[in-house]
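First up is the structure itself, then whatever we jot down about it.
Chain naming here is simple, since letters A, B, ... match the order of the sequence lines and numbering starts at 1 in each. If you're wondering where the values come from, they're calculated on a predicted model, not measured in any experiment.
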Amino acid sequence: MSQELAPRLDPRAIEPARYRAWQEGGYFHVPASAVLEDGREPYVIVIPPPNVTAALHMGHGLNNTVQDVLIRWRRMQGRASLWVPGTDHAGIATQNVVERQLAEEGLHRDDLGREAFVERVWEFVTETGGTILEQLKAIGASCDWQRTRFTLDDDLQRAVREVFVSLYEKELIYRGEYIINWCPRCLTALSNEEAEGTETQGRLWHLRYPIAEGSAEAARAASEAGSAAVGRLDDGRWYLTVSTTRPETMLGDTGVAVHPGDERYEALVGADVELPLTGRTIPVVADHYVDREFGSGMVKLTPAHDKNDFEIAGRTGIEILDVMTPDAHLSDAAPEAFRGMERFVARKAVLAALEELGLIAGREEHTHSVPHCYRCGTIVEPRLSEQWFVSMKPLAEPALEASRDGTITFTPPHWQRVYEHWMENIQDWCISRQLWWGHRIPVWYCACGEQIVVREDPSECPKCGGTELEQDPDVLDTWFSSQLWPFSVFGWPKQTDDLEAFYPGHTMVTGPDILFFWVARMIMMGYEFQGEAPFTQVYLHGTVRDMKGRKMSKSLGNGIDPLGVVEEFGADAMRYTIVSQCAVGTDISLDHEDVEAAFANGRNFANKIWNAGRFALMSLGEDPVQPLDHVRSDLTLEDRWILSRVAHASAEATRRLERFRLHEVAEGLYHFFWGEVCDWYLELVKSRLGPDTDPASREAARSTLVTVLDAAFRLLHPIVPFVTSELWSRLPWPEGADRPADLIIAPWPEPGDVERDEEAERRMVEVQTLVVEVRRLRKEYGVGEGARISLLVEGGPEHFLDTLALQAGALEQLARIESVAGGAPSGVGANVVLPNGAGLFVPLEGVIDVASERARMASEVDRIAGLLGAVRKRLSNEQFVANAPDEIVQKEHDKAAQLGEQVSKLREKLASLSDS
RNA sequence: GGUCGCUUAGCUCAGCUGGUAGAGCGCUACGUUCACAUCGUAGAUGUCGCAGGUUCGAGUCCUGCAGCGACCA
């Protein structure tokens with residue numbers, strides 16, 4: 001059977017079958033009874049639901065690999081480890097996709113009408129949606145697929161409605177007319193978070209507004225008070241100066257504001273201004289919002305098209321005039337000459353008209369943040385509009401406190417401050433969207449004026465009994481339903497067993513880009529509706545970028561298809577590559593132009609595991625393996641050493657997993673497996689596995705090998721589940737020992753399962769050092785790979801020569817050393833002094849000459865003497881000895897002693913070499 | 001404008017609570033002794049952005065500067 005293993009790992013040959021076996025074994029599914037009846041401790045992650053129409057990209061690859069690593073690890077620890085999958089209906093995004101399809105057919109959604117359009121979206125979602133979940137299986141995601149949810153499922157619709165009505169009843173949801181972010185292309189309102197600011201090089205225009213005749217005295221006073229922004233036009237009229245980056249909005253100006261304490265403009269407050277191009281007269285008002293230092297210190301007010309101006313209007317009572325249409329053209333409220341113009345066309349036209357009137361005072365380059373629609377990139381227009389809002393401040397309080405008191409922790413910790421800052425400055429959330437795809441707002445309007453907000457669709461008006469009810473046409477922000485995910489997936493508002501068993505969850509794994517959109521709001525909703533946070537650990541991973549540091553994206557064409565990677569290199573290769581780069585707080589960079597180079601490391605490692613397993617399985621053969629305890633007394637140094645290294649590796653891996661230091665987990669296990677298990681242990685043990693060896697030693701080796709591989713596969717399993725599980729299933733098992741049904745549920749090797757063996761580790765290091773030194777000598781003197789050498793050892797620790805004698809086979813294997821004996825150098829050869837004080841002599845008559853050996857040793861003496869010098873200098877520093885901790889000082893003393901012995905022995909040897 | 005982060009080997013980046021620099025890839029040389037050439041062995045390369053400071057000791061803490069970036073207004 002073991003002979004059948006191919007010399008190269010072919011992931012395609014094992015991965016799909018392995019995944020099927022896990023699914024058939026039911027290992028992903030966790031029923032509530034596991035917690036409620038069996039009393040197992042739960043560990044719960046809810047997936048950040050990908051957009052239902054999304055295709056898997058590397059960002060998903062990263063996000064879900066991390067979650068799967070954590071889920072698999074906890075599962076092996078015996079937790080009822082539940083990972084709930086699902087998808088998000090993604091309001092704007094999905095609607096846009098279907099609208100584009102329609103456009104290709106020459107249709108607009110209005111041509112279909114609401115009902116038919118929504119039906120069409122459902123068709124699309126039913127047909128193509130959810131494929132991303134199938135794709136997740138290819139990367140090994142061990143989600144509980146029986147629990148797959150969609151944010152538009154009936155259950156979740158109920159949750160959404162319950163939350164909406166409940167918040168409305170608590171007066172935390174209200175409807176009102178405010179300035180909101182409006183996307184003129186999507187024709188919907190957006191939340192503040194959905195309007196992404198982009199630094200843009202723009203222009204700041206300075207405009208002159210003539211002051212009405214009746215206010216000339218006030219203007220003169222302001223001018224005399226030292227304002228350069230007030231002056232006289234050619235025709236003698238006084239003017240004032242205002243600045244704007246959006247000149248077209250001046251058509252909707254209804255006032256000019258100054259700071260009430262600004263002495264320059266005291267006299268102007270109350271003056272009339274003749275708004276150019278419009279024939280309207282607007283007042284000068286005073287408001288504290290105005291920044292005296294910015295520009296002229298006077299601000300034009302466009303309350304219908306600017307949030308701050310709107311607020312000033314509220315305080316000062318100036319008019320509000322909306323001059324734009326929903327698609328950002330100038331409306332009938334604008335002067336006739338500009339009506340129907342698109343906003344940026346109007347900008348040019350307004351500037352040209354003002355220029356002609358001599359009313360442009362100048363312009364300057366100005367870098368500022370311009371908000372763009374996060375779905376289509378169109379520049380967002382602040383717009384006065386009647387929308388639904390959530391009052392956030394009360395909801396934020398417990399969510400903020402949870403961060404401050406450490407109930408919720410952030411990894412990396414830096415995000416805690418970002419989160420708290422956002423919570424502290426939270427603004428009300430505009431939740432209504434002028435879309436058709438999503439959760440319809442559960443509000444009905446009666447002709448009598450009654451507004452009905454209810455959990456069940458009403459049939460008549462509770463006030464007048466009328467049956468002509470009209471439901472609010474808008475839908476809710478997608479994130480309104482996503483924020484309920486941690487409990488809506490468990491059936492809430494019904495009090496289900498699932499909810500009891502699995503809420504609250506534990507870890508939220510996502511990217512920082514949706515910290516506010518999603519994470520923060522889930523926490524708020526968790527407190528509001530469940531009384532506690534939905535999770536306690538927020539792990540924020542980085543972004544997947546290309547080698548130029550650019551975010552991977554479809555539009556840049558720099559993406560890598562995870563499924564292509566799985567196909568070519570295997571899911572294990574992809575997972576290892578991702579996890580090994582997953583340092584806390586750093587991004588992942590992958591070369592999209594050389595995918596092979598990007599994933600070679602992971603592929604090679606998986607192959608290495610495969611081959612180590614293959615070798616072990618072949619060497620172990622079919623004979624029964626004894627439990628380790630039965631061969632305890634026959635364990636050799638390398639057996640004891642590798643078992644101790646297993647203990648070390650498991651302790652490190654566990655500690656690092658607990659702290660989300662995933663790249664350290666990956667790299668630590670990589671070096672443990674490749675550097676220690678393969679490079680040393682397998683090489684050392686080879687000679688003992690053959691048929692001609694002492695049976696006791698052979699059985700000890702076989703038991704140790706099985707134990708070590710079992711542990712190694714367990715430790716590696718969360719990161720590279722396929723190859724480890726394939727090999728583990730073929731591993732012979734110690735007689736009489738219980739074997740778990742599958743590696744996926746085999747117990748995680750906990751620190752403390754096995755004790756460290758300090759002595760074995762120390763002695764093994766001595767052997768390793770010797771081998772490395774001899775190999776170096778061989779290379780340096782060009783001793784052929786196959787040529788055997790002998791070794792004379794002088795001095796060193798008492799046990800050293802015995803150890804080497806016991807390792808004779810290994811030394812032969814590792815460094816082609818055919819004999820080791822105690823004794824002094826004689827003849828021509830190479831000399832080394834090991835850190836443990838042992839002097840080595842390799843007779844190399846005819847290969848080297850005395851002169852070159854002398855030169856080599858002299859440089860070695862210099863090198864070690866240099867190290868010694870640095871240590872001695874430190875020790876002679878009284879401050880160091882007095883102030884540094886005792887253990888550090890002691891370490892330096894030890895080092896000095898060891899280096900001192902090494903260098904003096906080397907000098908002796910060098911001297912005797914010169915004599916001869 | 002506010003807040004925060006980054007600057008370490010040719011490349012991509014690690015380096016936790018200060019003890020005297022690491023990984024992978026790449027590069028050089030040798031190697032096919034039957035687990036693996038998706039391999040093995042050995043090797044080369046760093047004034048840890050610049051300037052100060054704290055400390056016995058700083059890549060690691062503090063300040064300033066330069067460059068880059070992120071988020072929020």
Exercise. Could you work out the separation of B:G52 and B:G10 based on their C1' atoms and round it to a whole Å?
Key: 32 Å
Quiz item: Can A:R688 and A:D639 be said to form a salt bridge (Lys or Arg N to Asp or Glu O under 4.0 Å), step by step?
Solution: CA-CA 11 Å; A:R688 295 164 58 202; A:D639 296 335; 2.7 Å; yes
Practice problem: Using whole Å, report how far CG of A:D591 lies from P of B:C25. | Solution: 15 Å
Quiz item: When you match A:E892 and A:R655 each to their closest nucleotide on RNA chain B, which lands nearer the 5' end?
Solution: A:R655
Quiz item: Can a side chain N or O of A:W674 be found less than 4.0 Å away from OP1 or OP2 on B:G40?
Solution: yes
Quiz item: Under the side-chain contact (heavy atoms from CB on, under 4.5 Å) criterion, do A:V566 and A:E15 qualify, and how do the steps go?
Solution: CA-CA 9 Å; A:V566 168; A:E15 291 185 354; 4.0 Å; yes
Self-check item: A:F516 side chain, from C-beta outward: closest of B:C36, B:A42, B:C71
Solution: B:C71
Quiz item: Among B:G15, B:C72, B:G19, which nucleotide sits nearest the side chain of A:I888?
Solution: B:G19
Exercise. Can you tell me, in whole Å, how much space there is between the C1' of B:C36 and that of B:A21?
Key: 32 Å
Exercise. Return no unless some side-chain N or O of A:K686 is found under 4.0 Å from OP1 or OP2 of B:A35.
Key: yes
Exercise. Please tell me which of the listed nucleotides, B:U38, B:C16, B:C4, lies nearest to the side chain of A:H414?
Key: B:C4
Self-check item: Between C1' of B:A35 and CZ of A:F673, the distance in whole Å
Solution: 10 Å
Self-check item: Length of the CZ-C1' vector between A:R614 and B:C39, whole Å
Solution: 12 Å
Exercise. Please measure how far the P atom in B:G59 lies from the corresponding atom in B:A73, and state the result in whole Å.
Key: 39 Å
Practice problem: State yes or no: are the ring centers of A:Y419 and A:W415 separated by less than 6.0 Å? | Solution: no
Practice problem: Give a yes or no on whether the backbone of A:A606 and the side-chain of A:D572 come within a donor-acceptor separation of less than 3.5 Å. | Solution: no
Practice problem: Show your reasoning for whether side-chain contact (heavy atoms from CB on, under 4.5 Å) applies to A:D591 and A:I560. | Solution: CA-CA 9 Å; A:D591 191 347; A:I560 298 177; over 6 Å; no
Quiz prompt | Rounded C1' spacing from B:U32 to B:A37 in Å | solution = 8 Å
Quiz item: Within the pair A:S589 and B:C13, is there a side-chain N or O less than 4.0 Å away from OP1 or OP2?
Solution: yes
Quiz item: Which whole number of Å gives the distance between the C1' atom of B:U7 and that of B:G15?
Solution: 15 Å
Exercise. Quickly work out the A:L682 CG to B:G40 C1' distance and round it to whole Å.
Key: 13 Å
Quiz item: Given B:C13, B:A23, B:C25, which nucleotide is nearest the side-chain atoms of A:H671?
Solution: B:A23
Quiz item: Minimum heavy-atom separation for A:N181 to A:S191, with atom names?
Solution: ND2-O, 3.7 Å
Self-check item: Protein-nucleotide distance (A:L684, atom CG; B:U33, atom P), rounded to Å
Solution: 21 Å
Quiz item: Of all the choices, B:A42, B:A35, B:G15, which nucleotide is nearest to the side chain of A:F615 once you look at every atom?
Solution: B:A35
Practice problem: Would you kindly check if the NZ (Lys) or CZ (Arg) of A:R775 is within the cone defined by 45 degrees around the ring axis of A:W680 and under 6.0 Å from the six-membered ring centre? | Solution: yes
Practice problem: Could you please name the option among B:G31, B:G15, B:A23 that lies closest to any side-chain atom of A:E664? | Solution: B:G15
Quiz item: When the P atoms of B:C16 and B:G49 are considered, how many whole Å apart are they?
Solution: 14 Å
Quiz item: Below 4.0 angstrom from OP1 or OP2 of B:G15, is there any side-chain N or O of A:R661?
Solution: yes
Exercise. Could you give the distance separating B:C11 and B:U47 at their P atoms, to the nearest angstrom?
Key: 13 Å
Quiz item: Would the A:Y539 and A:F410 ring centres measure less than 6.0 Å apart?
Solution: no
Exercise. Pull out every residue in residues 867-885 of chain A that has a heavy atom closer than 4.0 Å to any atom of RNA chain B, ordered by number, or say none.
Key: A:R874, A:N877, A:Q879, A:F880, A:N883, A:A884, A:P885
Practice problem: Could you say whether A:R788 or A:Y670 is positioned toward the 5' end of RNA chain B, judged by the nucleotide with the nearest heavy atom to each? | Solution: A:Y670
Quiz item: Side chains of A:E853 and A:Y781: donor-acceptor distance under 3.5 Å anywhere?
Solution: yes
Quiz item: Looking across every strand, which nucleic acid part, if any, lies under 4.0 Å from A:S369 by heavy atom: base, sugar-phosphate, or nothing?
Solution: base
Practice problem: Tell me whether the OP1 or OP2 atom of B:C39 has a side-chain N or O from A:N604 closer than 4.0 Å. | Solution: yes
Exercise. Could you state the atom-to-atom distance from CZ of A:R816 to P of B:U32 in whole Å?
Key: 12 Å
Quiz item: Has A:R8 got a side-chain N or O lying under 4.0 Å from the OP1 or OP2 atom of B:U38?
Solution: yes
Quiz item: Under 4.0 angstrom, heavy atoms only, what part of the nucleic acid is A:E773 near: base, sugar-phosphate, or nothing?
Solution: nothing
Quiz item: Just checking A:A600: base, sugar-phosphate only, or nothing, at a heavy-atom cut-off of under 4.0 Å?
Solution: nothing
Self-check item: Under 3.5 Å donor-acceptor, A:R603 side chain and A:F569 backbone
Solution: no
Quiz item: Taking the six-membered ring of A:W429, is NZ or CZ of A:R521 closer than 6.0 Å to its centre and within 45° of its axis?
Solution: yes
Quiz item: Counting only heavy atoms not in A:D886, do more than 12 fall under 6.0 Å of its CG?
Solution: no
Exercise. Kindly express the pairing pattern of RNA chain B in dot-bracket notation, using | wherever a base pairs with another strand and counting only Watson-Crick or G-U pairs under 3.5 Å.
Key: (((((((..((((.....[..)))).(((((.......))))).....(((((..]....)))))))))))).
Quiz item: Below 4.0 angstrom from OP1 or OP2 of B:G19, is there any side-chain N or O of A:K895?
Solution: no
Exercise. Would you mind reading off the distance between A:I789 atom CD1 and B:U41 atom C1', rounded to a whole angstrom?
Key: 14 Å
Quiz item: Does the B:A23 base have a donor-acceptor partner in the side chain of A:Q581 within less than 3.5 Å?
Solution: no
Quiz item: At under 4.0 Å, does any side-chain N or O of A:R776 touch on OP1 or OP2 of B:G43?
Solution: yes
Self-check item: Whole angstrom value for the distance that separates P of B:G19 from CD of A:Q890
Solution: 19 Å
Quiz item: Say you pick atom P in B:C50 and the same atom in B:U33; how far apart are they, in whole Å?
Solution: 50 Å
Practice problem: Compute both the distance and the angle, then confirm whether A:K686 meets the cation-pi test with A:F615: under 6.0 Å from the six-membered ring centre, within 45 degrees of the axis. | Solution: yes
